[in-house]
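For reference, positions follow the sequence shown, starting with 1.
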Amino acid sequence: MRRRSLLIAVPAGLVTLAACGDGESDSAKASSTPSASASAAKPPKIVDGPLPAITDGVKFDEKPTVAKGSGDPSKDLAVKTVIAGSGQTVAEGDYIQANYLGQIWATAKVFDNSYDRKTPLVIQLSPQGIIDGWRYALTGKKAGSRVQMSVPPTWGYGTEGNAQAGIKGTDTLVFVVDIQNTFNGKSSAKGTEVAQDNVDLPKVGTNTDGKAPTIEVPKVDPPTKLVANYILEGDGPEVGAEDSLLVQYKGVLWDTGKEFDSSYSREALSSFGLQQVVKGWSQGMTGKKVGSRLLIVIPPKLGYGDTPPSGSDIKKDSVMVFTVDILAKM
């Protein structure tokens, strides 16, 4: 699996699949990852500078080279939109997908960057998930934007710093962030529609307005093997067996059509590692493309077998039917 960011915390308290997770959560597995700073009581004052020059890699999504800070940094949060994007506006609580570079003001020492990993960061702009400097600086910006910021300790890691990243409690941090995309509870897959011509399989809605797709289950016997078909086929990277994903989903029971779980009803996206969920999910999504909507039909042996979740409508012999929008790799 790819190395996690040294700087950004794994979001705490995220729900994996309410009725579909097994094993420990991302948060539990990533306990060695530095936590985000405690959220300050008052929002910061945001100023225009000073900010060190970007001397190379000046285009959007190019790895930037940033000069050493000159003089004393601001004690406030300095933010500049270097390149203005035209995409969706980022709101607090959204997940953003971004490339970034972080360095120390006084030394220009780069302590973390995603460009070299060739995998953008996907992270939630929440007090539990990310340092406050990012949360306040990026809220209100648009996807497609390059944002530079200078983050004093108050809005970074406080007086304790971050020893793992080599950040002292007195260090002001400089970031360049290229916002590729933003996701929230109204996000949908945007892939190309694929024909649903098997009358013995459920038919899934193809709407992309952020509302839950319909699932029409036929009145026939369910399949005995796993089904994982494209409804909308995206053009993103393929999902690996050990990846973590950000998704929208809805699950119903084959025999009744009754919904038993949904991220749409919670108005909150779900994130999880494929090693945390039932085999039908992990096998069904492995090899599929990010940006896709899938129909996944899971027989009991690849679901919960003889041990369905207590208190749920799922029985020992229940066949589960899901629509899943794969929004991003995390």
Quiz item: Please walk me through it: do Asp178 and Lys63 pass salt bridge (charged side-chain N to carboxylate O under 4.0 Å, His left out)?
Solution: CA-CA 9 Å; Asp178 288 322; Lys63 180 183 176 182; over 6 Å; no
Quiz item: side chain to side chain contact (heavy atoms under 4.5 Å, CB included) between Ile298 and Trp254: does it pass, once the steps are laid out?
Solution: CA-CA 10 Å; Ile298 303 178; Trp254 183 286; over 6 Å; no
Quiz item: Taking side chain as C-beta onward, heavy atoms only, is Pro308 less than 4.5 Å from Lys316?
Solution: yes
Quiz item: Nearest 0.5 Å, what's the CE-OG distance between Met285 and Ser292?
Solution: 11.5 Å
Quiz item: Quick check: are there more than 12 heavy atoms from other residues, nucleotides or ligands sitting under 6.0 Å from CD of Glu160?
Solution: no
Practice problem: Measure the spacing between OH of Tyr100 and CE of Met149 and express it to the nearest 0.5 Å. | Solution: 11.5 Å
Quiz item: Would Phe260 and Ser312 count as a side chain to side chain contact (heavy atoms under 4.5 Å, CB included) if you check the C-alpha gap in whole Å, the side-chain angles of each, and the deciding distance to 0.1 Å?
Solution: CA-CA 7 Å; Phe260 60 85; Ser312 76; 6.0 Å; no
Practice problem: Quick one: closest heavy-atom pair of Ser187 and Leu327, and the distance? | Solution: CB-CD1, 4.0 Å
Practice problem: Please check if the side chain of Ser318 supplies one atom and the backbone of Met320 the other of a donor-acceptor pair under 3.5 Å. | Solution: no
Self-check item: Asn184 side chain vs Lys186 backbone, donor-acceptor pair below 3.5 Å
Solution: yes
Quiz prompt | Side-chain heavy atoms of Val194 within contact of Thr192, under 4.5 Å | solution = no
Exercise. Compare every heavy atom of Val277 with every heavy atom of Phe272, then report the nearest pair and how far apart it is.
Key: CD1-CG1, 3.6 Å
Quiz item: Rounded to the nearest 0.5 Å, what separation is found between the CG atom of Leu246 and the CG atom of Asn181?
Solution: 10.0 Å
Exercise. Find out if a path of hydrophobic residues (ILVMFWY) with successive side-chain heavy-atom gaps under 4.5 Å connects Val321 to Trp281.
Key: no
Self-check item: Hphob cluster co-occupancy, Tyr249 + Tyr264, side-chain heavy atoms under 4.5 angstrom
Solution: no
Quiz item: Hey, any chance Trp105 and Val177 share a hydrophobic cluster, counting ILVMFWY side chains that come within less than 4.5 Å of each other, even indirectly?
Solution: no
Quiz item: Is Leu294 reachable from Val227 through a run of I, L, V, M, F, W or Y residues, each pair having side-chain heavy atoms under 4.5 Å apart?
Solution: no
Quiz prompt | Pair Asp235 + Lys190: basic N to acidic O under 4.0 Å | solution = no
Quiz item: Hey, mind stepping through Gln124 and Ser271 against side chain to side chain contact (heavy atoms under 4.5 Å, CB included) and telling me if it holds?
Solution: CA-CA 10 Å; Gln124 189 177 24; Ser271 65; over 6 Å; no
Practice problem: Verify, without hydrogens or angle tests, whether Ser282 (side chain) and Lys279 (backbone) share a donor-acceptor contact under 3.5 angstrom. | Solution: yes
Quiz item: So which heavy atom on Lys329 is nearest to which on Gly240, and how close?
Solution: NZ-N, 4.3 Å
Practice problem: Would you indicate whether Asp209, at its atom CG, is surrounded by more than 12 heavy atoms from other residues, nucleotides or ligands within a distance under 6.0 Å? | Solution: yes
Exercise. Ignoring hydrogens and angles, tell me if any N or O in the side chain of Gln180 forms a donor-acceptor pair with the backbone of Pro120 under 3.5 Å.
Key: no
Quiz item: Taking the side chain from Ser145 and the backbone from Val147, do they hold a donor-acceptor pair closer than 3.5 Å?
Solution: no
Quiz item: Under 4.5 Å between any side-chain heavy atoms of Gln196 and Thr206, yes or no?
Solution: yes
Self-check item: Non-hydrogen atoms of Tyr115 and Leu101 that approach each other most closely
Solution: CE1-N, 3.8 Å
Quiz prompt | Residue pair Leu253 / Ile314, side-chain heavy-atom distance below 4.5 Å | solution = yes
Quiz item: Under a 4.5 Å cut-off applied to non-hydrogen side-chain atoms, are Pro64 and Gln148 in contact?
Solution: no
Practice problem: Look at the side chain of Arg293 and the backbone N and O of Asn207, then say whether any donor-acceptor pair between them is shorter than 3.5 Å. | Solution: yes
Quiz item: So, does Thr81 use its side chain to make a donor-acceptor pair with the main chain of Ala84 at under 3.5 Å?
Solution: no
Exercise. Please report the closest heavy-atom contact between Gly205 and Pro213, naming both atoms and the distance.
Key: O-CB, 3.6 Å
Quiz prompt | Aromatic ring pairing Phe175/Trp134, orientation class (parallel under 30°, perpendicular over 60°, tilted between) | solution = perpendicular
Self-check item: Trp155 side chain near Pro43 side chain, heavy-atom distance below 4.5 Å
Solution: no
Practice problem: Check whether any side-chain heavy atom of Arg266 lies under 4.5 Å from a side-chain heavy atom of Asp261, and answer yes or no. | Solution: yes
Quiz prompt | Expected output: side-chain Ser188 to main-chain Gly210 donor-acceptor under 3.5 Å | solution = yes
Quiz item: Can you check side chain to side chain contact (heavy atoms under 4.5 Å, CB included) on Lys75 and Val47, steps first, answer last?
Solution: CA-CA 10 Å; Lys75 296 187 184 306; Val47 297; over 6 Å; no
Quiz item: Is Leu51 reachable from Tyr136 through a run of hydrophobic residues whose side-chain heavy atoms are each under 4.5 Å from the next?
Solution: no
Practice problem: Give, for atom CD of Gln88 and atom CD1 of Ile179, the distance between the pair rounded to the nearest 0.5 Å. | Solution: 11.5 Å
Quiz item: Is the NZ or CZ atom of Lys288 positioned over Tyr230's six-membered ring, under 6.0 angstrom from the centre and within 45° of the axis?
Solution: yes
Exercise. Could you tell me which non-hydrogen atom of Ala189 sits nearest to which non-hydrogen atom of Asp325, and how far apart they are?
Key: N-OD2, 2.8 Å
Quiz prompt | 4.5 Å side-chain heavy-atom contact, Asn113 and Asn99 | solution = no
Quiz item: Between the side chain of Gln248 and the main-chain N/O of Leu269, is any donor-acceptor distance below 3.5 Å?
Solution: no
Quiz item: With distance as the sole test, does Thr170 use its side chain to make a donor-acceptor pair with the main-chain N or O of Lys168 at under 3.5 Å?
Solution: no
Self-check item: Straight-line distance of Asp94 CG to Thr182 OG1, nearest 0.5 Å
Solution: 3.5 Å
Quiz item: Out of curiosity, Asn198 CG to Lys203 NZ, how far, rounded to the nearest 0.5 Å?
Solution: 12.0 Å
